[in-house]
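Everything below concerns the one structure shown next.
Below, chain A is the first sequence line, B the second, and so on; all start at residue 1. Atoms considered below: every heavy atom in the structure, side chains included; atoms not considered: hydrogens, waters and symmetry mates.
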There are 2 protein chains.
Amino acid sequence: MSKIQYQTLYREVADRIRELIEHGDLASGQRIPERELCEQFGVSRTPLREALKVLASEGLVELLPNRGARVRQLTLKMVKDTYDLMAALEGLSGELACQHISDEGIARICALHEKMLQHYRDRELAEYFQVNRQIHESILTASDNEVLQEMYNNLSQRVKRVRYSKKMTDSFWERAVSDHEKMIEALKQRDGQQLGQILRDHLCNKLEVAAVDGVLDDRESA
Amino acid sequence: MSKIQYQTLYREVADRIRELIEHGDLASGQRIPERELCEQFGVSRTPLREALKVLASEGLVELLPNRGARVRQLTLKMVKDTYDLMAALEGLSGELACQHISDEGIARICALHEKMLQHYRDRELAEYFQVNRQIHESILTASDNEVLQEMYNNLSQRVKRVRYSKKMTDSFWERAVSDHEKMIEALKQRDGQQLGQILRDHLCNKLEVAAVDGVLDDRESA
DNA sequence: AAAAGGCATTATGAATACAAAATTCCCTGA
DNA sequence: TCAGGGAATTTTGTATTCATAATGCCTTTT
């Protein structure tokens, strides 16, 4: 297996720090110790500081002039706002996908849908989630809009680190599957408006379900 | 008395390069001469390279490992895709604004609208555009969603540098004003769905009008 | 005991130095 | 004439150095 070889250190460092943040090894609001990370990664400060600048403009890190970097605090409002935005983008991806997707593309998504249904019937949550994600990714790809994909992935990255406390209940699961049934129907008919609407509501529903955990309730405290 | 703006060089350098790109002083696809810009700005390579990394993750610049930076090429498709996205975001901003805006906020926008109408009647195009922009900005602000605002501004930045060849015809101008009339009506009634729909169509219309100029027709050529 | 001031230490921002990659240019040989 | 092949040069990526701002600690003063 040939992993992509990084051509520059700062990209690799940025990826590593992204992982640290996503996994919570660098906690929300925590100061990012420049010197320590340099030693840990075995690089000098130059590529590390370049990586931090990139992460800052991705919204993961906060740079305070002359006072170092910290992991950007996520507030509950920020997470909700991000979900609102992602819902709108998913909706758009559905509309565009209906315009651009090929018949084979639809067939592939239908196949994924059947696979997901099987995992639902077998109550295999992890596998269900994985295929679920593949479906949404496929629609996003089918939108054939790279800027949209870039933006969506950025937003997704930002909220990846939040952990949800509520469990998936049967009724919510059922509702999600039912949404997906309607999605597939709309996709087959290439009804962009309809698919867009379903996707928007689908994600809103998802956030309602998920009680967000480990996030500040109102405002950031420096 | 204005606050001290720049605490760090890389931010200032990034702003300066943004301007160069926006004004076309650095043309699309052009190689960005590191050494020259350092001399021009009177800074060392470190802050300049940091700025370039930021600009790259903003989508304005392309970084080729070991081969320098160039101004990212805009293709016609990319511009269209960006407009589709911006339309969706404007739509969302309208929906959210209707939920969050205060009565005073609505009044302020109505006042701007009246001002804009006056410029329309007086055929003052530049002034019209300025107030027009203020209205859209006000709605975006009223959405009370900072993530949305950040993303919209980034997209807006990306396409700022395209120059449009077609002139604003009377009929298009009339259509735009009529859209705005409907927008104000929807806003007054806090009809988010309606306002969102109008805003989405409004921007689509805008791109249709504008024949994009100085942009590659199909694909980027390295 | 608490607040204020100042010195020492540390961390940050920017410039410089150095190694490696890419590019240029000139030469050679068909 | 032109393709190929190296040096020489330039450019790029990273490490290191240096100046300055921030932080912590200790003393002094009330």
Any side-chain heavy atom of A/L85 sitting closer than 4.5 Å to one from A/D81?
no
I want to check something: taking the side chain as every heavy atom from C-beta on, are A/L20 and A/L37 in contact at a cut-off of under 4.5 Å?
yes
Would you mind reading off the distance between B/L37 atom CG and D/dT11 atom P, rounded to a whole angstrom?
13 Å
Compare the minimum distances between each of D/dA15, C/dA15, D/dT14 and the side chain of A/V43, then state the nucleotide with the smallest one.
D/dA15
Check B/T141, B/D144, B/I109, B/I139 against B/I101 for a side-chain contact (heavy atoms from CB on, under 4.5 Å) and give me the one that passes.
B/I109
Of A/R67 and B/S44, the one whose nearest nucleotide on DNA chain C sits closer to the 5' end is A/R67
Take atom CD of B/Q7 and atom C1' of D/dT20, then tell me their distance rounded to the nearest Å.
15 Å
Nearest to the side chain of A/T46, which nucleotide is it out of C/dA14, C/dT12, D/dA15?
D/dA15
Whole-Å distance separating the CD atom of B/E39 from the C1' atom of C/dA15
15 Å
Between A/P65 and B/A69, which residue's closest nucleotide on DNA chain D lies nearer the 5′ terminus?
B/A69
Tell me whether the side-chain N or O atoms of A/R45 pair up with the base of C/dG13 as donor and acceptor below 3.5 Å, since no angle test is needed here.
yes
Which nucleotide in the set C/dA14, C/dA11, D/dT12 lies at the smallest distance from any side-chain heavy atom of A/R35?
C/dA11
Protein-nucleotide distance (B/E50, atom CD; D/dT12, atom P), rounded to Å
16 Å
Between A/H202 (side chain) and A/D179 (backbone), is there a donor-acceptor pair under 3.5 Å?
no
The nucleotide from C/dT23, C/dT12, D/dA15 with an atom nearest the side chain of A/E34 is C/dT12
Quick check on DNA chain D: between A/R31 and A/Y10, whose nearest nucleotide comes earlier from the 5' end?
A/Y10
How long is the line joining CG of B/L9 and P of D/dC18, in whole Å?
20 Å
Which one, C/dA21, C/dA15, D/dT14, comes nearest to the side chain of B/N66?
C/dA21
A/L64 CG - C/dT12 P separation (whole Å)
10 Å
Minimal heavy-atom distance between B/A27 and B/V71, with the atoms involved, is O-CB, 3.3 Å
Between D/dT16 atom P and A/R49 atom CZ, what is the distance in whole Å?
16 Å
Nearest-angstrom distance from the residue atom CZ of B/R11 to C1' of C/dT12
13 Å
